[in-house]
Amino acid sequence: MSMKVLVIGSGGREHTISWALAKSPSITEVICVPGNGGTASESKCKNIDPSQFPCFSNMNILDTYVAIAKKEGCQIAVIGPEDPLAAGAADILWNAGIPVVGPKSKGASLEASKDVAKQFMQKYGVSCAESKTFCNADDAKAYINKKGVPIVVKADGLAAGKGVVVATTMNAALDAVDEFMTQGTLGSAGKKIVIEEYLQGTEISVLSAVSVTPENIVSNKACIIPFVPARDHKRLLDGAKGPNTGGMGAIAPLQDVTPEQMQAFDEEILKPTLNGMIAEEMDYRGFIFFGIMLTKNGPKLLEYNVRLGDPETQAVLPLMDFDFYQLCKSIIDGSLKDFNCKWKPGYVCAPVAVSGGYPQKYKRGVSLILPPEHKENIKIFFAGATLDRRSATSTNLVTSGGRVLAVSAYGSTPEQAREYAYETMETIHFEGMFYRKDIGIPGAADSK
């Protein structure tokens, strides 16, 4: 039987998801909308970019997803990024009879609004930082003056990773309020802000599968299954210095996270989150990302992402010792609680190569020079790369974004995984290419 899956998104996370799905013997084809240069050449994958087809020019993008899924005969859809989830893509696809891995809009609000997320955390006893929400800039500034610094200022809405300021000076905190609320640098996303206490500690990411359905709530089968913990390195420069980025690399699992810390996470963050989803009767079938600060007072939840993290996905999914499609199927049909998420022993280190000038201005259309073949334990996942459109038959890749690719390398130890990753990274070249040299070193972990 032909089994086709629609994957929505164009980043490194979506390349990884498509690769993982294509590895399943049950899958005949993965339709990537729009996909990227990596998915264009991935086994069993086909890109469809709606912008290249006049028939889609007058359609709402959500309706376009439905039209492509039906035209291609896709039986399920997997939504990678947060924007279509917040816009209700899962609702639209389900209404069209296409099951989706990705929460409906009610669940997606846990990422779409920081205020909604904080209210949820507080209501259901999720361990998190103290915070207060403001719709008025003067009130926000008065609160900051009262609380002092360091302090964290967050835009309420989706801001592509640019909506959080960790302010260590009063001027920086007050400037962040002005930029978000008065100057409108983030548009509507910054009209409401959340001001949060500063937490000292080390960050980790826990990606998780979620299956909360009307049926499995009744049968006591609703669940959240955590994956192995990972760490994203957000700062641009070695030693966790420089500006924040979308992520300069990741490693999984983590040697510096203890079983006791993971047990505390389970009791103080994961279980209350699940209880809240059940109480709110969310139809949440997909993934959730717990951004956690490990503090001296235990783990504290920084944020929810209602999808897999990027670049953590590029470090975690290569460790799967199970069929990713079967996992997705169990999420949809409500049987996730009985699914065995078995992980390979060992580690994956995934440093990211970025365009020169990132996270500010950078060039696009720069040609990539790649190694002729990859070893079995190495996989390059592409993000900001596309096929060179100057030639209709070209298979060459050119840059199309700030974060261009991640080299995911598997090793029996963290040191070995790092060695393999950087050996491969040194064989990749493009004008302006830059990458951190310390991804996966415990002392280089970003902390606050």
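Excluded from the calculations below are hydrogen atoms, water molecules and symmetry mates; all remaining heavy atoms, backbone and side chain alike, are included.
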Which one of Asn47, Val5, Leu6 satisfies the side-chain contact (heavy atoms from CB on, under 4.5 Å) criterion with Ile31?
-> Leu6
Option among Leu110, Val210, Ile79 that satisfies the side-chain contact (heavy atoms from CB on, under 4.5 Å) test with Val306 = Leu110
Using the side-chain contact (heavy atoms from CB on, under 4.5 Å) rule, pick out the option among Leu319, Val348, Val257 that qualifies with Val228.
-> Leu319
Could you tell me whether the side chains of Thr133 and Asp115 share a donor-acceptor contact shorter than 3.5 Å?
-> yes
Polar contact flag, side-chain donor to acceptor under 3.5 angstrom, Tyr420-Gln416 = yes
Heavy atoms from other residues, nucleotides or ligands near NZ of Lys71 exceed 12 (cutoff 6.0 Å) = no
Say whether Ser412 and Tyr347, considering side chains only, have a donor N or O and an acceptor N or O under 3.5 Å apart.
-> no
Worked check of side-chain hydrogen bond (donor to acceptor under 3.5 Å, both in side chains) between Thr386 and Asn36 = CA-CA 5 Å; Thr386 189; Asn36 61 31; over 6 Å; no
Side chains of Ser211 and Asn216, donor plus acceptor under 3.5 Å | yes
State, without any angle test, whether Ser205 and Glu312 hold a side-chain donor-acceptor pair at a distance under 3.5 Å.
-> yes
More than 12 heavy atoms of other groups within 6.0 Å of Glu267 CD = yes
Should the ring pair Phe322 and Phe339 be called parallel, tilted or perpendicular, given that the plane angle runs from 0 to 90° and is split at 30 and 60?
-> perpendicular
Regarding Glu280 and Tyr124, is there a side-chain donor-to-acceptor distance under 3.5 Å anywhere?
-> yes
State whether the side chain of Lys46 and the backbone N or O of Cys32 hold a donor-acceptor pair below 3.5 Å, judged by distance alone.
-> no
